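In what follows, a structure is listed as structure tokens, so that the remarks can point back to it.
Reckoned from all heavy atoms, side chains included, excluding hydrogens, waters and symmetry mates. Treat the numbers as computed from the prediction; the structure is a model and nothing was measured.
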Amino acid sequence: MPLPPVLARLPLPIIGSPLFIISNPKLVIAQCQAGVVGSMPALNARPASQLDDWLAEITETLAAYDAAHPDAPSAPFAINQIVHKSNDRLEQDMALCAKYKVPIVITSLGARTDVNDAVHGWGGVVMHDIINNAFARKAIEKGADGLIAVAAGAGGHAGTKSPFALIQEIRQWFDGPLALSGSIASGGAVLAAQAMGADFAYIGSAFIATDEARASEAYKQCVVDSNSDDIVYSSLFTGVHGNYLKPSIRAAGLDPDHLPESDPSAMNFGGDAKKAWKDIWGCGQGIGAIDAVVPAAERVARLRREYEAARARLCGLGR
Ligand SMILES: Cc1cc2nc3c(=O)[nH]c(=O)nc-3n(C[C@H](O)[C@H](O)[C@H](O)COP(=O)(O)O)c2cc1C
């Protein structure tokens, strides 16, 4: 199946994934101008009315950039909607996405036909994130256009499946747009995701260590200084299993190697969640590849160089 036009014209097969609290219009704009899909959760705009201003800033800045760079326009942007019952802003945030005809909506923690229909109504594309094949089927049945396979080692809420297993199972029956998420932080890994059958690499943690990210300097430096040994998988902080930086857990007075399980009924994406994610730093296992805090454009430029070098090495293209 050909990719929807909005996803087919990307100069690099990368989606900068939404990061709770951290993503903001400056990061989204920098990602899009560098040639990768930039995204942010609608919930990062607080109060809710701020989303209107942020969407205006993103759409106006990118339109001006495209007018000045007709030969190399920006990549499209995406807004992430948490489709969970604890998100009482969904309707209001969807109305703003409709107002700005957001090109790509990324849905998480619930697939809903009415949300997908609404996005299609303004000509947008829905990518839904899943951690297993059963959720993938359900998402497509409910009308999502594409899937984000969140494999083991992803930052934030992550699955437990090998990326090979997930992509192989999904590609048995689904030939639509497919992104792979989890520990991708180098251009070679982006090419590997494509070689496995994904269309896009979905990259989050690598963008925490950028100038534009709305994270503390200590958090950014911790991403630079850490590697996969410093990541722990726990359900304690939001009720859903995710990956976190151990140093932040130690700083909160807990032992990251002996954490209790959480009560899933306490799952919450409201105000308390913001506090939890601010103190406890979400992060994927792939950060061994990140060695400095740099502007997002520089991170993308390096991914592009590595991607092209990997293609040249493996596919005999150029050099
Ligand atoms: C700090 C942090 C916050 C995140 N917040 C969200 C979010 O609000 N919504 C969402 O769909 N995914 C969220 N994610 C998951 C990412 O979108 C993505 O799946 C993940 O970062 C990819 O793995 P990687 O970090 O190893 O690149 C978050 C990840 C991190 C690290």
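Formation of a donor-acceptor pair under 3.5 Å by the D279 side chain with backbone atoms of S248 is not found in this model. At distances below 3.5 Å, not a single donor-acceptor pair connects side-chain atoms of D66 with backbone N or O atoms of P73. In this structure a side-chain-to-backbone donor-acceptor pair under 3.5 Å is missing from D129 to L147. Listed for the E306 side chain is a donor-acceptor partner under 3.5 Å among the backbone atoms of G187. Counting only distance, with no hydrogens or angles, the side chain of H128 and the backbone of A144 share no donor-acceptor pair below 3.5 Å. A side-chain donor-acceptor contact under 3.5 Å links N24 to the backbone of I22. No donor-acceptor distance shorter than 3.5 angstrom exists from the side chain of N243 to the backbone of I231, with no hydrogens or angles considered. Side-chain N or O atoms of N80 include one that pairs as donor or acceptor with a backbone N or O of I106 at under 3.5 Å. Under the 3.5 Å distance criterion, the side-chain polar atoms of S74 are left unmatched by any main-chain donor or acceptor of C32. Formation of a donor-acceptor pair under 3.5 Å by the H84 side chain with backbone atoms of S86 is found in this model.
Here the side chains of L90 and V115 are in contact, with some heavy-atom distance below 4.5 Å. Put simply, the side chain of P11 reaches to within 4.5 Å of the side chain of R304, judged on heavy atoms. Two residues are said to be in side-chain contact when any heavy atoms from C-beta on lie closer than 4.5 Å; I79 and D93 fail this criterion. A heavy-atom distance below 4.5 Å is found between the side chains of W281 and S216. Counting only heavy atoms from C-beta outward, the side chains of T61 and I58 never approach each other to under 4.5 Å. The side-chain heavy atoms of N44 and F20, taken from C-beta on, include a pair separated by under 4.5 Å. With contacts defined as side-chain heavy-atom distances shorter than 4.5 Å, the pair R89/R46 qualifies.
Contacts of D199 classified as salt bridge (Lys or Arg N to Asp or Glu O under 4.0 Å), with partners at least two apart in sequence or in another chain: R171. Every residue two or more places apart in sequence or in another chain that forms a salt bridge (Lys or Arg N to Asp or Glu O under 4.0 Å) with D52 is listed here: K99. Under the salt bridge (Lys or Arg N to Asp or Glu O under 4.0 Å) criterion, R305 pairs with no residue, sequence neighbours left out.
Atom CD1 of residue I21 and atom CG of residue L43 lie 10.5 Å apart, to the nearest 0.5 angstrom. Here the straight-line distance linking atom CD of Q50 with atom CG of L96 works out to 11.5 Å at 0.5 Å rounding. With rounding to the nearest 0.5 Å, the separation of CD1 in I14 from CG in L10 is 9.5 Å. To the nearest 0.5 angstrom, K161 atom NZ is 8.5 Å from I131 atom CD1. Atoms CD1 and CD, from I167 and Q194 in turn, are 11.5 Å apart once rounded to the nearest 0.5 Å. Rounding to the nearest 0.5 Å gives a distance of 10.5 Å between CD1 of I184 and CD1 of I15.
A chain of hydrophobic side-chain contacts below 4.5 Å, direct or via other Ile, Leu, Val, Met, Phe, Trp or Tyr residues, connects W54 to L62. At a threshold of 4.5 Å between side-chain heavy atoms, the hydrophobic network of Ile, Leu, Val, Met, Phe, Trp and Tyr places V28 and V126 in one connected group. Connection of V102 to V125 is not established within any shared hydrophobic cluster, with ILVMFWY side chains joined at heavy-atom distances below 4.5 Å, either directly or through further cluster members. By the rule that hydrophobic residues join a cluster once side-chain heavy atoms approach within less than 4.5 Å of another member, V300 and I29 end up as members of separate clusters. A single hydrophobic cluster is seen to contain both I140 and L3, as judged by linkage of ILVMFWY side chains at heavy-atom distances under 4.5 Å, directly or through other members.
When all heavy atoms of M40 and S23 are compared, the closest pair comes out as CB-CB, 3.4 Å. Shown here for A310 and G188, the closest heavy-atom pair between the two residues is CB-CA, 3.9 Å. In terms of heavy-atom proximity, G282 sits nearest to Y219 at O-OH, 2.6 Å. Of all non-hydrogen atoms in A213 and K220, the two that sit nearest each other are O-NZ, 3.0 Å. Among all heavy-atom pairs drawn from S226 and I287, the shortest one is CB-CD1, 3.6 Å. Between E212 and A296, the shortest heavy-atom contact is OE1-N, 2.9 Å.
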Given L12 and Y307, is the side-chain contact (heavy atoms from CB on, under 4.5 Å) satisfied, shown in steps?
CA-CA 9 Å; L12 258 185; Y307 176 74; 3.7 Å; yes

Under the criterion side-chain contact (heavy atoms from CB on, under 4.5 Å), I'd like the reasoning laid out for S108 against V83: C-alpha separation, chi angles, the key distance, then a yes or no.
CA-CA 6 Å; S108 318; V83 187; over 6 Å; no

side-chain contact (heavy atoms from CB on, under 4.5 Å) between W122 and C97, intermediate numbers included:
CA-CA 9 Å; W122 71 74; C97 288; 3.6 Å; yes

Using side-chain hydrogen bond (donor to acceptor under 3.5 Å, both in side chains), reason through Y65 and E60 one step at a time and then give a plain yes or no.
CA-CA 9 Å; Y65 182 88; E60 286 163 18; over 6 Å; no

Quick one: do I104 and S39 satisfy side-chain contact (heavy atoms from CB on, under 4.5 Å)? Show the steps, please.
CA-CA 9 Å; I104 304 163; S39 73; over 6 Å; no

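A donor and an acceptor atom, one from each side chain of H157 and T238, are located under 3.5 Å apart. Under the 3.5 Å distance criterion, with hydrogens and angles disregarded, no donor-acceptor pair is assigned to the side chains of H120 and D117. There is no side-chain donor-acceptor pair under 3.5 Å between Q285 and Y233.
For D257 and K246, the salt-bridge test passes: some basic side-chain N is under 4.0 Å from an acidic carboxylate O. Of the charged side-chain nitrogens involved, none lies within less than 4.0 Å of a carboxylate oxygen, so that R302 and E298 do not count as a salt-bridged pair.
When the options V150, L166, I130 are evaluated for a side-chain contact (heavy atoms from CB on, under 4.5 Å) with S181, the one that passes is V150. Under the side-chain contact (heavy atoms from CB on, under 4.5 Å) test applied with R299, the options V293, I203, V36, T210 reduce to a single match, T210.
The environment of Q221 atom CD is dense: over 12 non-hydrogen atoms of other residues, nucleotides or ligands sit within 6.0 angstrom. Crowding of F174 atom CZ: a count of heavy atoms from other residues, nucleotides or ligands under 6.0 Å exceeding 12.
Ring geometry for Y244 against F237 counts as perpendicular: the plane angle is over 60°, on a 0 to 90° scale with 30° as the lower cut.
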